[in-house]
Amino acid sequence: MRIKYFLPCLFLLFSLFSCSDSEPRVIASTAYVVIDYPDEESLPSQRLCVFVETSSDVHRAQSLEIKNRETNFQWKCDKPVIFSNDRRQWAGCTEFVGPYNTEIPSGFYDIKYVDAQDRSFDSSISISYSKDFLSITAPNVISSVKGRYKEQIAVYTNENTLCYFGDIKEAWKDEKKIFTVNNQAEYFRKCIMLSGTSLICMLPAKTKAQVENQKAEE
């Protein structure tokens, strides 16, 4: 599981949907195209993250399938990752990539969620995003945004465990203070979420050592 993609997306999801009911069915589904910038010079990779919220026991999730209606591209995840809190539960996959490195198609997708009792629940989603972000490098992301966006931050330990995800605090204009969130914090990534689209841009990681060196050079 790529926790660095999965958890930030889920924290966002919890702010978008209402509480589930008791009927065993898929009650919400969503997806995001994550465009990942590994460094300041390289072009990004992309992946599709898909989640379903179900009111049946998510720990009995068996598989998740998704199909693009126009291209017939189809993905199947036989071991969905799961996430839950006191009221809500999700199953999903963050590893869907285009066949032969093709771009993730926009448009409508059909989703099939299957539980351990072989019960199948269908839903659908619509994905839209600008493919222009696939041909630019990280320093040009903000200037390429058309419309509104939200900038958030994900902070991780040296074991890639997420220790904070959310708004960038005012005090963190001094990036050195980001690492006071957790004494094990080792690096952070800024996440650009474009309003009205299915796109999340993850900017390159910035480590504690890089921030300290930058401060020393100023």
Taking all non-hydrogen atoms of both residues into account, name the closest pair between [X] and [Y] and its distance.
| X | Y | answer |
| --- | --- | --- |
| F121 | D115 | CE1-OD2, 3.9 Å |
| S135 | L43 | C-CD2, 3.6 Å |
| M193 | F165 | CE-CZ, 3.2 Å |
| I111 | V52 | CG2-CG1, 3.9 Å |
| A91 | A61 | CB-CB, 4.1 Å |

[X] side chain vs [Y] backbone, donor-acceptor pair below 3.5 Å:
| X | Y | result |
| --- | --- | --- |
| D167 | K169 | no |
| W75 | V97 | yes |
| Q89 | T54 | yes |

* **Within 45° cone and under 6.0 Å: K177 NZ/CZ vs F179 ring** =>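 Ring-cation test returns no.
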
Just by distance, no angles: are the side chains of [X] and [Y] close enough, under 3.5 Å, to form a donor-acceptor pair?
| X | Y | result |
| --- | --- | --- |
| Q46 | D36 | no |
| N140 | Y37 | no |
| Q62 | K79 | no |

Which residues pass the side chain to side chain donor-acceptor pair (under 3.5 Å) test with [X], not counting sequence neighbours?
| X | result |
| --- | --- |
| D39 | S42 |
| Q74 | E65 |
| D78 | none |
| S126 | none |

* Is there any side chain to side chain donor-acceptor pair (under 3.5 Å) pair reaching into residues 142-151, and which pairs are they, with sequence neighbours excluded? ->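 As it turns out, there is no side chain to side chain donor-acceptor pair (under 3.5 Å) pair with a partner in residues 142-151 once direct neighbours are skipped.
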
* E175 and side-chain hydrogen bond (donor to acceptor under 3.5 Å, both in side chains): which partner among K206, Q214, K208, Q210? ->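 With E175 as partner, side-chain hydrogen bond (donor to acceptor under 3.5 Å, both in side chains) holds for just one option, K206.
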
Inter-residue atom distance [X].[atom1] - [Y].[atom2], 0.5 Å rounding:
| X | Y | atom1 | atom2 | result |
| --- | --- | --- | --- | --- |
| S130 | L194 | OG | CG | 8.0 Å |
| I35 | L203 | CD1 | CG | 11.0 Å |
| Y109 | S198 | OH | OG | 9.0 Å |

* **Criterion ring pair (Phe, Tyr, Trp, His ring centres under 6.0 Å) on Y164 and W172, from CA distance to verdict** => CA-CA 13 Å; Y164 176 85; W172 291 354; 5.2 Å; yes

* To do: For the residue pair Y113 and S123, establish whether any side-chain heavy-atom pair is separated by less than 4.5 Å.
  =>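 Side-chain contact under 4.5 Å: no.
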
* Flag side-chain contact, heavy atom, 4.5 Å: F73 against P105 ->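 Yes - at least one pair of side-chain heavy atoms lies under 4.5 Å apart.
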
* **Aromatic ring pairing Y156/Y187, orientation class (parallel under 30°, perpendicular over 60°, tilted between)** =>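 Answer is parallel, since the angle falls under 30°.
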
* **K176 atom NZ, over 12 foreign heavy atoms within 6.0 Å** =>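 Counting neighbours around NZ of K176, 12 or fewer heavy atoms of other residues, nucleotides or ligands fall under 6.0 Å, so no.
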
* Can you list the residues that meet the side-chain contact (heavy atoms from CB on, under 4.5 Å) rule with E40, with sequence neighbours excluded? ->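 For E40 the side-chain contact (heavy atoms from CB on, under 4.5 Å) partners, ignoring immediate neighbours, are A138, P139, P204.
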
* Spell out, yes or no, whether V114 and I82 are grouped together once hydrophobic residues are joined by side-chain heavy atoms under 4.5 Å, including indirect joins. =>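 Cluster IDs for V114 and I82 differ.
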
